[in-house]
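Step one of this worksheet: look at the structure below.
Proteins come first, then strands; the chains are lettered A, B, ... in the order of their sequence lines, and each starts at number 1.
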2 protein chains.
Amino acid sequence: MDYIGRLTAHLPLAIRLLMVKADGSVSIHADDRAYKPLNWMSPPCRVEEAPGVWRVVNKAGEELRITIEEVLHDSSHELGVDPGLIKDGVEAHLQELLAAAPSVLGEGFTLIRREYPTAIGPVDLLCRDGDGGTVAVEVKRRGEIDGVEQLTRYLELLGRDPLLAPVGGVFAAQEIKPQARVLAQDRGIRCVVVDYNALRGVTRDELTLF
Amino acid sequence: MDYIGRLTAHLPLAIRLLMVKADGSVSIHADDRAYKPLNWMSPPCRVEEAPGVWRVVNKAGEELRITIEEVLHDSSHELGVDPGLIKDGVEAHLQELLAAAPSVLGEGFTLIRREYPTAIGPVDLLCRDGDGGTVAVEVKRRGEIDGVEQLTRYLELLGRDPLLAPVGGVFAAQEIKPQARVLAQDRGIRCVVVDYNALRGVTRDELTLF
DNA sequence: CTATAAATGTCGGAG
DNA sequence: CTCCGACGTTTATAG
């Protein structure tokens, strides 16, 4: 197998699994690692089949050349359309839950709005704290340096708006990496670790008002 | 199929491809997308097989439960050990090439050292410019905001060292995204787009001296 | 289509 | 083992 595209790669002769899907995509698997093929071509792409040689090419000019010495097994099946995967627990859902229960983020917090628009992208949650101050909240499943940088850019921008300034920052995630925590604290951003399962059980804030 | 782990996911009954590898890993594929399985369990993990139900678990307590209604085809093959994949063109190689030809980065540039160590990680290339000033270079295949932030942290740190200060910054990549370019320029960091293939053909700097 | 952020990212290397 | 950054990241989504 040879790949010539974003990089150049060569795979020596060996027994492998070739998978060709209905969308024309091709992948080559070894007998380990569930997720990642040794090599692949993502759709949209085209397979040119010659005796013993497959050429898989895409529009960008990337090419996968597969030389087949011997076929040990060949099998083809019609799978039909796939019903979608239903997921739960991703960032969007975490954001929803926090929007419904902002007090988890801090004493007396109330929601101004979700996805508060700015010139450099939407702030996940914009809140008002117990003292009437504005707080920008960045929500992540896993809190890493990237997220702190992202929030820092929002804070810099929002802090220039006289209607909002001064704007505090909260970095909320199910898990916060040590480096991210250090960077956040260095920038005066408070870190909140959120327990996703506990949050699902939390009574909504509006109900606790009565 | 049900997955209970880092998130919860459910996949309705349909015809799919199940792949079980020698390392015990399991993946479930639909008839599209070469790269990513619909669901999977990465090694190390264990498969518990009961009639019509597979339970795949790992040490972290994540679980994949697969209910099998009907087997349309079943085939098993011994693949043996896989000889490795040979790659070329990644960031490490780009860094090597630039280290060998620093003048590509700027007029009169010479290399001080590669992977210059700092408290927050190594700087890809530390160079001296034509005027004897110090320049930190961040090398990326694709230049995005992350890389600019990374270089900014290095510059902030190196700039405090009286032996080096003032330290200039160069962001070198095969491709630089507009947002990254804007951020870099805003911070006084110069952007250099590098042609990888051309660079491989460039005569090494030491040879051009004679 | 481009640009940007999320991902059960995965993977590999250093400490 | 954890932390950290690269990856042919891939993938989805918004503009």
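- DNA chain D is contacted by both A:Lys177 and B:Lys140; A:Lys177 maps to the nucleotide lying nearer its 5′ end (nearest heavy atom per residue).
- Separating the CG atom in A:Asp146 from the CD atom in B:Glu144 is a distance of 10.0 Å, to the nearest 0.5 Å.
- Separating the C1' atom of D:dG8 from that of C:dA14 is a span of 24 Å, rounded to the nearest Å.
- Residue A:Lys87 places no side-chain N or O under 4.0 Å from the OP1 or OP2 atom of C:dA6.
- Using cut-offs of 30° and 60° on the angle between ring planes, the pair A:His77 and B:His73 is tilted.
- If you measure from atom CG of A:Leu7 to atom P of D:dT10, you get 10 Å, rounded to the nearest angstrom.
- Using atom C1' as the reference point in both D:dT10 and D:dA6, the two lie 14 Å apart (nearest Å).
- Residues A:Glu156 and A:Arg160 are paired through a salt bridge, judged by an N-O separation under 4.0 Å between the basic side chain and the carboxylate.
- Distances were taken from every side-chain heavy atom of B:Glu91 (C-beta onward) to each of D:dC7, D:dG8, C:dA5; the shortest belongs to D:dC7.
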Exercise. Using a cut-off of 4.0 Å between protein heavy atoms and nucleotide atoms, how would you tag nucleotides 10-15 of chain C 5' to 3' with B, S and -?
Worked result: SS----
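- Within the 4.0 angstrom heavy-atom criterion, no nucleotide atom of any strand lies near B:Glu144.
- For the pair A:Asp124 CG and D:dA14 P, the computed distance is 14 Å after rounding to whole Å.
- Spacing between atom CD of A:Glu175 and atom P of C:dA7 amounts to 13 Å, rounded to whole angstrom units.
- Ranked by how close their nearest DNA chain D nucleotide is to the 5' end, A:Asn58 and B:Lys59 are led by B:Lys59.
- On the C1' atoms, D:dC7 is 15 Å away from C:dA6, given to the nearest whole Å.
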Less than 3.5 Å apart, which donor and acceptor atoms pair up between the side chains of residues 46-54 of chain B and the rest of the protein, not counting sequence neighbours?
| unit_1 | atom_1 | unit_2 | atom_2 | d |
| --- | --- | --- | --- | --- |
| B:Arg46 | NH2 | B:Glu48 | OE2 | 2.8 |
| B:Glu48 | OE1 | B:Arg55 | NH1 | 2.6 |
| B:Glu48 | OE2 | B:Arg55 | NH1 | 3.4 |

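- The gap from the P atom of D:dT11 to that of C:dC11 amounts to 14 Å, rounded to the nearest Å.
- One atom, CG of B:Asp32, and another, C1' of D:dA12, lie 14 Å apart when rounded to the nearest Å.
- Nucleic acid contact class of A:Asn39 (heavy atoms, under 4.0 Å, all strands): base.
- In this structure the side chain of B:Tyr35 never reaches within 4.5 angstrom of the side chain of A:Ser27, judged on heavy atoms.
- Note: CG (B:Asp2) to P (C:dT8) measures 16 Å, nearest angstrom.
- No side-chain heavy atom of B:Leu158 sits under 4.5 Å from any side-chain heavy atom of B:Thr134.
- One can place CG of B:Leu183 at 16 Å from P of C:dA3, the figure rounded to the nearest angstrom.
- Between A:Tyr3 and the choices A:Arg65, A:His10, A:Glu62, the side-chain hydrogen bond (donor to acceptor under 3.5 Å, both in side chains) rule is met once, by A:Glu62.
- Comparing D:dG5 with C:dA7, their C1' atoms sit 16 Å apart, to the nearest whole Å.
- Atoms CD1 (B:Ile145) and P (D:dG5) sit 17 Å apart, rounded to a whole Å.
- Of the candidate nucleotides C:dA6, C:dT8, D:dC3, D:dC3 has the atom nearest to the side chain of A:Gln179.
- For the P atoms, the distance linking C:dT10 with D:dA12 amounts to 16 Å, nearest Å.
- One interatomic measurement links the two molecules: CZ of B:Arg181 to P of C:dA3, which rounds to 11 Å at whole-angstrom precision.
- Of the candidates C:dA5, C:dT8, D:dG8, the closest approach to any side-chain atom of A:Tyr3 belongs to D:dG8.
- Expressed to the nearest 0.5 Å, how far CG of A:Asn39 lies from CE of A:Met1 amounts to 3.5 Å.
- Minimum atom distance to the side chain of A:Pro178 is reached by D:dC3, of the listed D:dG8, C:dA5, D:dC3.
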